[in-house]
Amino acid sequence: PYGAAIEVPVRDFAGLGDPFLAETRSARLVASLVHGHLLRTSGGEIVPELATTTGTWSGDTLTLTLADTARFHDGRVVEVSDVIASWRRLQSLGDQSPVGRLAQAVQVSDAGHRNVAFMVRGAAVDEVRALLARPEVAVLSRGLVGVGCGAFKPTPGDGDRRTLVAWDGHAQG
């Protein structure tokens with residue numbers, strides 16, 4: 001009700017444009033604020049962000065359900081097809097992304113009814129959840145660089161300063 005602002009110095013904004021390429025601590029911080037993730041880390045625990053829960057594990061497959069409240073900054077609903085397109089683009093980057101090679105070991109598919117399945121042989125559920133919670137593993141609209149769905153929406157910036165405004169349309173409010 002009172003409003004506030006904080007200024008956070010960062011070295012670069014690489015995570016603002018393309019979170020998949022975020023390599024520095026600053027870029028990962030920006031990516032975690034502007035872009036949405038199925039899961040995220042909070043207080044040392046993995047919690048849902050765009051998903052309703054941390055998912056169910058069966059065999060070698062983690063299945064997550066997208067929250068009905070998951071929306072991009074432009075108001076469009078986050079769909080399973082966005083998750084799949086994002087994952088496939090991340091895989092296609094390979095060594096260009098800090099986690100591209102890891103993503104290549106995981107198969108993703110539409111499991112129906114706003115569910116998405118991540119299958120990886122020989123992995124533990126906590127390993128898969130930790131990968132999905134990384135700042136570089138964001139969900140992008142149609143898998144393309146551009147509109148985010150994170151807790152903060154960037155305003156047009158100039159030079160080396162950016163303003164990120166709390167976005168009330170975020171899946172977690």
Side-chain angles (χ1 to χ4, degrees), residues 14-25 27-74 76-151 169-172:
L16 182 67
D18 192 347
F20 299 158
L21 302 178
E23 292 184 351
T24 66
R25 184 179 294 183
R28 286 191 299 273
L29 171 63
V30 172
S32 71
L33 297 173
V34 173
H35 297 284
H37 305 81
L38 293 169
L39 304 174
R40 65 182 171 86
T41 304
S42 177
E45 305 247 345
I46 294 178
V47 297
E49 183 175 354
L50 299 177
T52 57
T53 67
T54 57
T56 57
W57 182 255
S58 178
D60 290 333
T61 304
L62 175 66
T63 303
L64 298 168
T65 302
L66 289 175
D68 291 334
T69 54
R71 299 214 174 328
F72 289 103
H73 291 156
D74 64 4
R76 195 172 76 74
V77 174
V78 176
E79 301 288 349
V80 170
S81 60
D82 295 306
V83 176
I84 293 171
S86 296
W87 195 262
R88 289 192 176 142
R89 182 168 165 268
L90 179 59
Q91 288 175 319
S92 74
L93 291 172
D95 289 334
Q96 295 174 349
S97 169
V99 294
R101 185 74 72 170
L102 290 171
Q104 290 174 345
V106 181
Q107 299 304 312
V108 63
S109 63
D110 185 333
H113 306 292
R114 295 192 54 77
N115 293 318
V116 60
F118 294 88
M119 188 187 89
V120 57
R121 293 180 193 232
V125 66
D126 291 338
E127 294 170 330
V128 178
R129 287 180 175 136
L131 176 60
L132 293 174
R134 289 189 56 128
E136 304 94 329
V137 183
V139 176
L140 303 175
S141 179
R142 297 174 183 90
L144 303 173
V145 175
V147 181
C149 60
H170 185 258
Q172 299 297 312

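Computed from a prediction, not measured in an experiment: that's the story for all the values here.
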Approximate separation, where rounding is to 0.5 Å, of N115 CG and D110 CG: 8.0 Å

Backbone N/O of F20 and side chain of S97: donor-acceptor pair under 3.5 Å: yes

Under 3.5 Å donor-acceptor, H170 side chain and Q172 backbone: yes

Under 3.5 Å: donor-acceptor pair, side chain of R40, backbone of V47: no

Heavy-atom pair of closest approach, residues V108 and R88: O-NH2, 3.9 Å

Donor-acceptor contact below 3.5 Å, side chain Q91 vs main chain A103: yes

Pairwise distance OG1(T54) to CG(L62) - rounded to 0.5 angstrom: 7.5 Å

Minimum side-chain heavy-atom gap E136-L93 below 4.5 Å: no

Spatial distance of atom CE (M119) from atom CG (D60) [nearest 0.5 Å]: 6.5 Å

Verdict with reasoning, L66 to L38, per side-chain contact (heavy atoms from CB on, under 4.5 Å): CA-CA 8 Å; L66 289 175; L38 293 169; 3.5 Å; yes

Pairwise distance CG(L50) to CG(L64) - rounded to 0.5 angstrom: 10.5 Å

Option among V125, L131, L132 that satisfies the side-chain contact (heavy atoms from CB on, under 4.5 Å) test with R129: V125

Residues W87, V116; criterion side-chain contact (heavy atoms from CB on, under 4.5 Å); working and verdict: CA-CA 11 Å; W87 195 262; V116 60; over 6 Å; no

Heavy-atom pair of closest approach, residues E49 and A171: O-CB, 3.5 Å

Presence of salt bridge, R28 and E23, under 4.0 angstrom: no

side-chain contact (heavy atoms from CB on, under 4.5 Å) between S32 and L29, worked out: CA-CA 5 Å; S32 71; L29 171 63; 4.1 Å; yes

Reported CZ-to-OG1 distance for the pair R121 and T61, which is rounded to 0.5 angstrom: 9.0 Å

Taking every non-hydrogen atom, the tightest pair across A138 and S86: O-CB, 3.7 Å

Backbone of H35 reached by a side-chain donor or acceptor of H37 within 3.5 Å: yes

Minimum heavy-atom distance A123-W57, with the two atoms named: O-CZ2, 3.4 Å

The single option from E79, R76, H73 passing side chain to side chain donor-acceptor pair (under 3.5 Å) against S141: R76

side-chain contact (heavy atoms from CB on, under 4.5 Å) between R89 and D18, worked out: CA-CA 11 Å; R89 182 168 165 268; D18 192 347; 2.4 Å; yes

Closest non-hydrogen atom pair between T41 and A133, with its separation: OG1-CB, 3.9 Å

Minimum side-chain heavy-atom gap V34-P19 below 4.5 Å: no

Separation between CD of Q104 and OG of S92, rounded to the nearest 0.5 Å: 8.5 Å

Closest heavy-atom pair and its distance - A117, T63: CB-OG1, 4.1 Å

